[in-house]
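Worth knowing before you read on, the calculation uses all heavy atoms, side chains too, and leaves out hydrogens, waters and symmetry mates.
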Amino acid sequence: MARQPLIIDRSCDEAFMRLAMAQAEQGAALGEVPVGAVLVRDGEVLGAGFNQPISLHDPSAHAEMLAIRQAAQSQGNYRLPGSTLYVTLEPCPMCAGLLVHARIARLVYAATEPKAGAVISRGEFLRQDHLNHKVLVEGGLLAEECSALLSRFFAERRKAKS
């Protein structure tokens, strides 16, 4: 079966990133670091998630991981070609590897993660020549809003500790 070319409709990118932001806000309401993700193919949301490692007692329960797991279950396939992942924060090494294994076609992230980001901040994992799948990467969409959400969350957490 021939692969369909990836058709990028940037007109919808902001709307899907705002859905990811809504996911992040759900996580913040539960005391989780506010990171949200949605996985989309052909304009349809296949999966969504927010960080839940604390509440699920699962260090792998990152927003990206949960959105991709949900999508894979709904599609009955661990490969998700032609899909785009929208996430409010640059993925960590674990999640960047997951994008490759799931065959995500495109990653759109908002804010960079200077301490643990594996896409641009702490190495460019997705650009490694040895990878058997390449992910198109676009960063910075609604970065200021997503950064502000994270900053407010951590400011409130510091205030509560004092």
Side-chain angles (χ1 to χ4, degrees), residues 1-21 23-24 27 32-53 58-75 77-151 154:
M1 183 172 149
R3 273 196 179 163
Q4 294 285 340
L6 178 64
I7 299 170
I8 298 173
D9 181 2
R10 288 186 173 80
S11 66
C12 296
D13 284 351
E14 185 173 327
F16 289 125
M17 185 62 77
R18 292 205 180 278
L19 290 176
M21 289 174 65
Q23 289 289 312
E32 300 278 1
V33 175
V35 178
V38 295
L39 189 73
V40 176
R41 185 168 50 207
D42 299 328
E44 176 188 357
V45 175
L46 303 179
F50 54 87
N51 272 10
Q52 296 183 67
D58 178 356
S60 72
H62 290 195
E64 302 95 321
M65 182 77 69
L66 297 175
I68 291 170
R69 281 179 184 162
Q70 186 181 85
Q73 290 295 310
S74 75
Q75 298 301 293
N77 194 340
Y78 72 110
R79 302 284 198 217
L80 300 161
S83 62
T84 297
L85 181 70
Y86 296 87
V87 62
T88 59
L89 187 65
E90 176 186 2
C92 72
M94 174 183 68
C95 294
L98 178 62
L99 296 174
V100 173
H101 288 293
R103 302 299 191 263
I104 305 299
R106 182 172 168 243
L107 166 68
V108 179
Y109 69 90
T112 56
E113 206 322 8
K115 292 181 181 179
V119 175
I120 192 77
S121 296
R122 292 287 168 183
E124 297 180 1
F125 175 78
L126 295 173
R127 291 188 180 174
Q128 299 298 310
D129 289 335
H130 69 276
L131 295 175
N132 62 351
H133 174 72
K134 300 299 180 196
V135 179
L136 296 174
V137 176
E138 297 177 37
L141 179 64
L142 301 179
E144 288 181 23
E145 291 180 51
C146 292
S147 292
L149 177 62
L150 286 158
S151 294
F154 287 113

Discussion item. So which atom in K134 and which in L126 form the shortest heavy-atom distance, rounded to 0.1 Å?
Written reply: CD-O, 4.4 Å
Could you list the donor-acceptor pairs under 3.5 angstrom formed between side-chain atoms of residues 139-146 and any protein atom two or more places apart in sequence or on another chain?
residue	atom	partner	partner atom	Å
E145	OE1	R18	NH1	2.8
E145	OE2	R18	NH2	3.1

Discussion item. Can you give me the closest heavy-atom contact between P59 and M94, atom names plus distance?
Written reply: O-CE, 4.1 Å
Worksheet item: Can you find a pair of side-chain heavy atoms, one from S83 and one from I104, that are under 4.5 Å apart?
Response: yes
Item to complete: Indicate yes or no for a side-chain donor-acceptor contact from R106 to the backbone of V137 under 3.5 Å, with no hydrogens or angles considered.
Response: no
Discussion item. So, using side chain to side chain contact (heavy atoms under 4.5 Å, CB included) as the criterion, who are the partners of R122 when residues are at least two apart?
Written reply: none
Worksheet entry | Listed partners of R127 passing salt bridge (charged side-chain N to carboxylate O under 4.0 Å, His left out), at least two apart | E124
Practice prompt. Find out whether M65 and L98 are in side-chain contact, i.e. whether some heavy atom of one side chain is under 4.5 Å from a heavy atom of the other.
Written response: yes
Item to complete: Scan V38, V87, V108 and name whichever one has a side-chain contact (heavy atoms from CB on, under 4.5 Å) with M17.
Response: V108
Discussion item. Less than 4.5 Å apart, side chain to side chain, heavy atoms only: is that true for E138 and L107?
Written reply: no
Practice prompt. State, with a plain yes or no, whether a side-chain heavy atom of V35 is found less than 4.5 Å away from one of F50.
Written response: no
Item to complete: Could you walk me through whether Y109 and L85 pass side chain to side chain contact (heavy atoms under 4.5 Å, CB included), step by step?
Response: CA-CA 8 Å; Y109 69 90; L85 181 70; over 6 Å; no
Discussion item. Filter on side-chain hydrogen bond (donor to acceptor under 3.5 Å, both in side chains), then keep only pairs touching residues 62-74, sequence neighbours left out; what's left?
Written reply: S60-R69
Item to complete: Could I get the full list of side chain to side chain contact (heavy atoms under 4.5 Å, CB included) partners for N132, not counting sequence neighbours?
Response: V100, R103
Worksheet item: Do you know the tightest heavy-atom contact between A67 and A37?
Response: CB-O, 3.9 Å
Discussion item. To check you understand the geometry: which heavy-atom pair defines the closest contact between L150 and P34, and what is its length?
Written reply: CD2-O, 3.6 Å
Discussion item. Using the ring pair (Phe, Tyr, Trp, His ring centres under 6.0 Å) criterion, which residues pair with F16? Sequence neighbours excluded.
Written reply: Y86
Response to the item:
Sequence neighbours excluded, the answer for salt bridge (charged side-chain N to carboxylate O under 4.0 Å, His left out) partners of D42 is none
Item to complete: Side-chain contact test, heavy atoms from C-beta onward, threshold under 4.5 Å: evaluate it for L39 versus L80 and give yes or no.
Response: yes
Worksheet entry | Residues that Y78 engages under side chain to side chain contact (heavy atoms under 4.5 Å, CB included), provided they are two or more places apart | none
Practice prompt. Measure across C92 and A118 and return the closest heavy-atom pair with its distance rounded to 0.1 Å.
Written response: C-CB, 3.6 Å
Fill in: Heavy-atom side-chain contact between V33 and F154 under 4.5 Å
yes
Item to complete: Determine the minimum heavy-atom distance between A116 and P93, stating which atoms define it.
Response: O-CD, 3.5 Å
Worksheet item: Which distance, rounded to the nearest 0.5 Å, do you find between the CG of L46 and the CD1 of I68?
Response: 11.0 Å
Practice prompt. State which residues pass side-chain hydrogen bond (donor to acceptor under 3.5 Å, both in side chains) with S121; sequence neighbours excluded, sorted by chain then number.
Written response: E90
Worksheet item: What residues form a side-chain hydrogen bond (donor to acceptor under 3.5 Å, both in side chains) with E113, not counting sequence neighbours?
Response: none
Worksheet entry | Side-chain heavy atoms of T88 within contact of L149, under 4.5 Å | no
